[in-house]
Amino acid sequence: MLVGSALRGFCQEAAKVIAQSPPRLADRTPVLLRCRAAGSGDVVSEMETHARGVLQGGQAAEDPRIPTLVSVDGEIYLDLLRHRLQRLAPTRELIPPPADAPALASSPMVFMTTPALARGLDRPDPFTALARSSDHRQLDPAGPSQPIRFVHTAPTRSNSGLQTLVAMVAEVAGQRPEALTLADVQAHADQVAAIQRHVTRYGSSTDELARAMQRNGTFWASVGSVYESSVVAVNASRQGDQDPLKAVYPRATYASTMRAILPQAPWVSPKEKQAALLLIERLQREDIQRLAADQGLRPANPAVPPSRVTAAYGADPRVVYDSLRAPKPEVVEAIIVLWRNQAKKPSRVALVVDSSGSMKGEKLPAAQRSLQAYLAQIGPRDTVGLFDCDNRLRPPVVVSGGGAGADLAGRFIASLEAEGGTVLYDAIRQGRDWLRSTRRPGEILAVVVLTDGQDNGSRLSLEALGGELKRSGFASDERIGVFTLGYGNQGDFDADVLRRIAESNGGDFTTGTADSIRRRMEDLQMAFSWRHRAGPTPSTIPWRSPPAASAWCCWCVAPEWPCPWRSCRPLASAWPARHCWPGRERPGAAAAASGSMTSASMRAWRRPWSGPAAWL
């Protein structure tokens, strides 16, 4: 079962309980639940990719990567999923309407803030008030004077971010979401941009964003648009020195109903359908629904109370609100485009890459692939400074988004060589100083550090670096966050030092392997910037002749597949599949002569995939 991130904990706990006494098919085959969670936008993109592959050829309906059951964290993304698959199969209803997808749980969208700031947001027009205000005292004359710092997740990947953005547009337009038109969206772009100027960070996960707000305090973010369950979770884990946080319920908000979606599609066999129906029935039973309540969600089964939705955890179990509905899918897509092109805050990121001698072997090529995927997605309003860090400092390579800096980025990545020591502290300060000297008004500023080692040779001590970063951190006007990624095996890097550097400066620390670091870099890219992902499959793809010496070549746009062939380079076109397609030979003479190759040819060349077994 592929679920949105808000249902992650419930699905995982339910799977454990179901495994102890699984339901059985008529032939006595036990039915187990395996869960995988992603942002709701990623769920929609993945299912669209699978559906295209099965319906247009190139992917078997029995492919074990295709989940049988799906869930997204609200009905806007459910409608988008229906809409996008309907475009692939106009005469079929592959995804059921919300009324035919059984509810599992819900969690309304709220504003998370401190009790002292809550009254200013408890009003009929919170988004409109944010658009015309810069200080919380303008929202509540009796409240504290504090700059408004707003956070929400990126609407392209997260349901909570999309619901926030749609509610924002609907309020400033004075319309119900379902009544919004394309003209309404464009007419109110300036008001949406006025609200977005308060944004500190675009998160990739609602719960992670809520935890960061709790950890960093109100000078990092004073208002967060999150799920009610996120408020419950942060208060349940609150440390003694952390302020309690409170849910403020808009008069009209999204209920964020999470449903079990069983596609009526060729990749769901009759046996899988029967197994899925048994699991849905089990997920709605009282014993399993209590697990949803334990996660701070509102169970769909009315016999199970939302036991953690209490005032003690900052929530209101008796709240009454007007439940918003989804706009038309084409309006939703227009709202996303508005955010990307006109309203979203630009970013400036200093990306410090450890290329010391310890990166020899497989580490450096894997890091290069992560960098390539990260830089391929930066938006047209975003800037990245690339810093090569070994035993000496070099001037940064500055790359602009939107494709303009692709050649510069490619040359930087190709030039990385594993040699020398690691003047890590000096390189972090160099990145910070570049941000200070080049920043423009309204930009989100951050330093991202990818390292597999410990500092050796820096002129700056750790304590001195901490002092430097504090002067430009979230208590200052510069508000520069630091994010550290420890790469490789435990012990290769000093996790405590990297965590200390990051968490004391509004960021966080992550450790992992090549795959997990790549995913984390994608999340960070989403937090700072966004670039439109590819749309419908093009009929032809521009052909570039590979180097004569290359027997293999890698044809890809977002090369997230690990391609080891150094002579390969990505195509410039918008091939939609998020895969790398290696070819054993060059296209035929006709394709080479015409300067193009067909999508079918690309599919014929794809590398066989070996991945996880199927799940329900």
Would you tell me whether T181 and D184 have side-chain atoms, one donor and one acceptor, within less than 3.5 Å of each other? yes
Which pair of non-hydrogen atoms, one from R251 and one from D122, has the smallest distance, and what is that distance? NH1-OD1, 2.8 Å
Is there side-chain contact between I148 and L139, with at least one heavy-atom pair below 4.5 Å? yes
So do V223 and L121 actually touch side chain to side chain, heavy atoms under 4.5 Å? yes
So do E178 and P327 actually touch side chain to side chain, heavy atoms under 4.5 Å? no
Would you say H198's side chain and S133's backbone share a donor-acceptor pair under 3.5 angstrom? yes
Within a strict 4.5 Å, meaning less than it, do heavy atoms of the T113 and L245 side chains meet? no
Side chain to side chain donor-acceptor pair (under 3.5 Å) evaluation trace for T200 with R479: CA-CA 9 Å; T200 296; R479 302 178 60 77; 3.2 Å; yes
Looking at R132 and D125, is any side-chain nitrogen of the basic one under 4.0 Å from a carboxylate oxygen of the acidic one? yes
Where do H136 and S222 land on the side chain to side chain contact (heavy atoms under 4.5 Å, CB included) test, with the steps shown first? CA-CA 9 Å; H136 278 277; S222 56; 2.7 Å; yes
What distance do L445 atom CG and R440 atom CZ have between them, rounded to the nearest 0.5 Å? 12.0 Å
Between the side chains of E171 and T128, is a donor N or O closer than 3.5 angstrom to an acceptor N or O? yes
Side-chain donor or acceptor of S158 paired with backbone N/O of A154 under 3.5 Å: no
Sequence neighbours excluded - salt bridge (Lys or Arg N to Asp or Glu O under 4.0 Å) pairs with any residue from residues 299-312: none
In terms of side-chain heavy atoms, does Q163 have a donor or acceptor partner in S256 at a distance below 3.5 Å? yes
I'd like to check N159 versus V72 (side-chain heavy atoms, cut-off strictly below 4.5 Å). Are they in contact? no
Residues pairing under ring-ring contact (aromatic ring centres under 6.0 Å, His included) where one sits in residues 139-184, two or more places apart or in two chains, turn out to be F150-H152, H152-Y202
Answer yes or no: is there a side-chain heavy-atom contact under 4.5 Å between V151 and M213? yes
Test your reading of the model: is there a side-chain donor-acceptor pair from D73 to the backbone of A6, 3.5 Å cut-off? yes
Using a strict 4.0 Å threshold on nitrogen-to-oxygen distance, state whether D382 and K344 make a salt bridge. yes
Do you know the tightest heavy-atom contact between S160 and S225? OG-O, 4.5 Å
Under 3.5 Å, is there a donor-acceptor pair between the S145 and D135 side chains? yes
Do E330 and K328 sit within salt-bridge range, that is, some charged N less than 4.0 Å from a carboxylate O? no
Once you round to the nearest 0.5 Å, how far does CG of L375 lie from CG of L351? 6.5 Å
In this structure, CG of L78 is separated from OG1 of T257 (nearest 0.5 Å) by 10.0 Å
Donor on one side chain, acceptor on other, W267 and Q59, under 3.5 Å: no
Do V70 and M47 have side-chain heavy atoms sitting under 4.5 Å apart? yes
Looking at T164 and M109, what are the two nearest heavy atoms and their distance? OG1-CE, 3.5 Å
Assess whether atom CZ of R238 is packed by more than 12 heavy atoms of other residues, nucleotides or ligands within 6.0 Å. yes
Quick check: do F10 and V3 have side-chain heavy atoms less than 4.5 Å from each other? no
If you measure from CD1 on I95 to CZ on R82, what distance do you get to the nearest 0.5 Å? 8.5 Å
Gap between atom CG of L262 and atom CG of L69 - 0.5 Å precision: 5.5 Å
Nearest 0.5 Å, please: how far is CZ in R84 from CG in L94? 15.0 Å
Would you mind checking if D100 and R259 are paired as a salt bridge, meaning a charged N to carboxylate O distance below 4.0 Å? no
Salt bridge or not between E46 and R36? Use side-chain N to carboxylate O under 4.0 Å. yes
Taking only residues two or more places apart in sequence, or in another chain, which ones meet D207 in a side-chain contact (heavy atoms from CB on, under 4.5 Å)? S205, R211, S230
Side chain to side chain donor-acceptor pair (under 3.5 Å) between Q295 and S229: does it pass, once the steps are laid out? CA-CA 7 Å; Q295 298 291 322; S229 60; over 6 Å; no
Please find out if less than 6.0 Å separates the ring center of Y254 from that of Y227. no
Between E443 and R381, is there a salt bridge with N-O shorter than 4.0 Å? no
